[in-house]
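Worth saying up front: this structure is predicted, and the values here are computed from it rather than measured.
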2 protein chains.
Amino acid sequence: MPSELRRPERTFTIRQLCTEFKATPRALRFYEDKGLLTPARDGMNRVYSYKDRARLILILRGKRVGLSLQEIREILELYGEHDEAMTQNAHSLKKFREKIVDLEQQREDIEGAINELRAACERLEKHLAAKRPDLLPKAADYDQMLRARLDGHQELAGAK
Amino acid sequence: MPSELRRPERTFTIRQLCTEFKATPRALRFYEDKGLLTPARDGMNRVYSYKDRARLILILRGKRVGLSLQEIREILELYGEHDEAMTQNAHSLKKFREKIVDLEQQREDIEGAINELRAACERLEKHLAAKRPDLLPKAADYDQMLRARLDGHQELAGAK
DNA sequence: TATGCCCCTTACGTTAACGTCAACAGTCGC
DNA sequence: GCGACTGTTGACGTTAACGTAAGGGGCATA
């Protein structure tokens, strides 16, 4: 591949990635142990590239949707373009399709769960409003919570 | 509550629920240990009511969307209408709201994951079609898999 | 009455995904 | 030269959610 020398080619230390994504060094090393990441080295120290960072993003998102590290690894391996054992890939294809079906089901489950939680919240709120209105959280609190949550994720946009 | 004596009032054995929902007796007893289920007893034996079954459905769905048993228990407790410690409930309300935000994020994650898996599948398929078309699964297989998956869940509809 | 099936409890084992701790190395500022 | 900080590699500990095995009772069927 040409044209690899220019362009920032920025790298990251383990701590940078950790603070960016609220992970721990232990976790990143663990992912490496499991073959999900393979950062370069500068002497002893790990050096993460943009590609590594992108993989990490995928890993973390995979985790959020309930994939095991094992499953995530299989997915990531598709991004390495070695076409080694083709029958292996045929197997992967099948598993991926199954996983998609799973995820679609899960999406429905989440819809349902959200709806029930909303309903539960409403009932709780009514109940509280009637008996202990003093305990009702201020709308402002909720607002701020939401913003904090978004802050945590906004840097992710535009990645990959 | 009147009118409780008529109506089938059907009950279930542990194994019936297990086969219906593809769980294990161990799991159901475990949920009971953790306070998520409290079936009646006939001598030593557990007797599950419709209500228990409904709770189990919620438990399993909660699990599928990544809730911990602890979190599920908190949700289920809302369905018991004891208004004991009100401040506790105020706390619950806050946690539920957070959970909703979580789930909304998770739903987005799942969308993304589904899209990427689809893309990966397509690439894989192309790759296979070019080099080893013999390994491509028949469309019929996929179709049957889908149907099997749906069968597993259809009895759930109309429950709760 | 023996065999099988389902149920029970108790208790120890297991897996995934890290946390935590010890012991040591490189480097920066003073 | 010395903390302080950040990094490293083991190695053992931990939590959740069960699995599995041991030991025993209840009821039916051959």
> Starting at CG of B:L28 and ending at C1' of D:dC18, how long is that distance when rounded to a whole Å?
Replying inline: 12 Å
> Just how far, in rounded Å, is P of C:dT15 from CG of A:L69?
Replying inline: 16 Å
>> Classify A:K34 by what it touches in the nucleic acid, base, sugar-phosphate, or nothing, heavy-atom distance under 4.0 Å.
In response: nothing
>> Among C:dC18, C:dC7, D:dG7, which nucleotide has an atom closest to any side-chain atom of A:Y31?
In response: C:dC18
> Once you round it to whole Å, what is the distance between C1' of D:dC18 and CD1 of B:I59?
Replying inline: 14 Å
>> If I take atom CG in residue B:L56 and atom P in nucleotide D:dC18, what distance separates them, rounded to the nearest angstrom?
In response: 11 Å
> What's the CZ-P distance between B:R73 and D:dA17, to the nearest Å?
Replying inline: 12 Å
> If you measure only the distance, is there a donor-acceptor pair under 3.5 Å linking the side chains of B:D109 and B:Q105?
Replying inline: yes
>> Less than 4.0 angstrom from a charged side-chain N to a carboxylate O is my criterion; do B:R118 and B:E122 meet it?
In response: no
>> What is the distance, to the nearest angstrom, from the CG atom on A:N45 to the P atom on D:dC5?
In response: 18 Å
>> Any base atoms under 4.0 Å from A:R15, or only sugar-phosphate, or nothing? Heavy atoms, all strands.
In response: sugar-phosphate
> Side chain of B:R26: nearest nucleotide among C:dC18, D:dA17, D:dT20?
Replying inline: D:dT20
> Nearest-Å distance, CG (A:L36) to C1' (C:dC18)?
Replying inline: 13 Å
> Can a donor-acceptor pair under 3.5 Å be found between the side-chain atoms of A:R29 and the base atoms of D:dT8?
Replying inline: no
> Under the 3.5 angstrom rule, does the side chain of B:D52 hit a backbone N or O of B:S49 as a donor-acceptor pair?
Replying inline: yes
> Do the side-chain N or O atoms of A:T13 get closer than 4.0 angstrom to the phosphate oxygens (OP1, OP2) of D:dG7?
Replying inline: yes
> Can a donor-acceptor pair be found between the side chains of B:E20 and B:Q16 at a distance below 3.5 Å?
Replying inline: no
> According to a strict under-4.0 Å criterion, is A:K63 in side-chain N/O contact with OP1 or OP2 of C:dA16?
Replying inline: no
>> Is there a side-chain contact between B:V65 and A:I114 in this structure, where contact means two heavy atoms from C-beta onward sitting under 4.5 Å apart?
In response: no
> Does the side chain of B:T24 get closer than 4.0 angstrom to OP1 or OP2 of D:dG19 through an N or O atom?
Replying inline: yes
> Side chain of B:R41: nearest nucleotide among C:dC8, D:dA17, C:dC18?
Replying inline: C:dC8
> Separation of A:Y48 atom OH from D:dG7 atom C1', in whole Å?
Replying inline: 11 Å
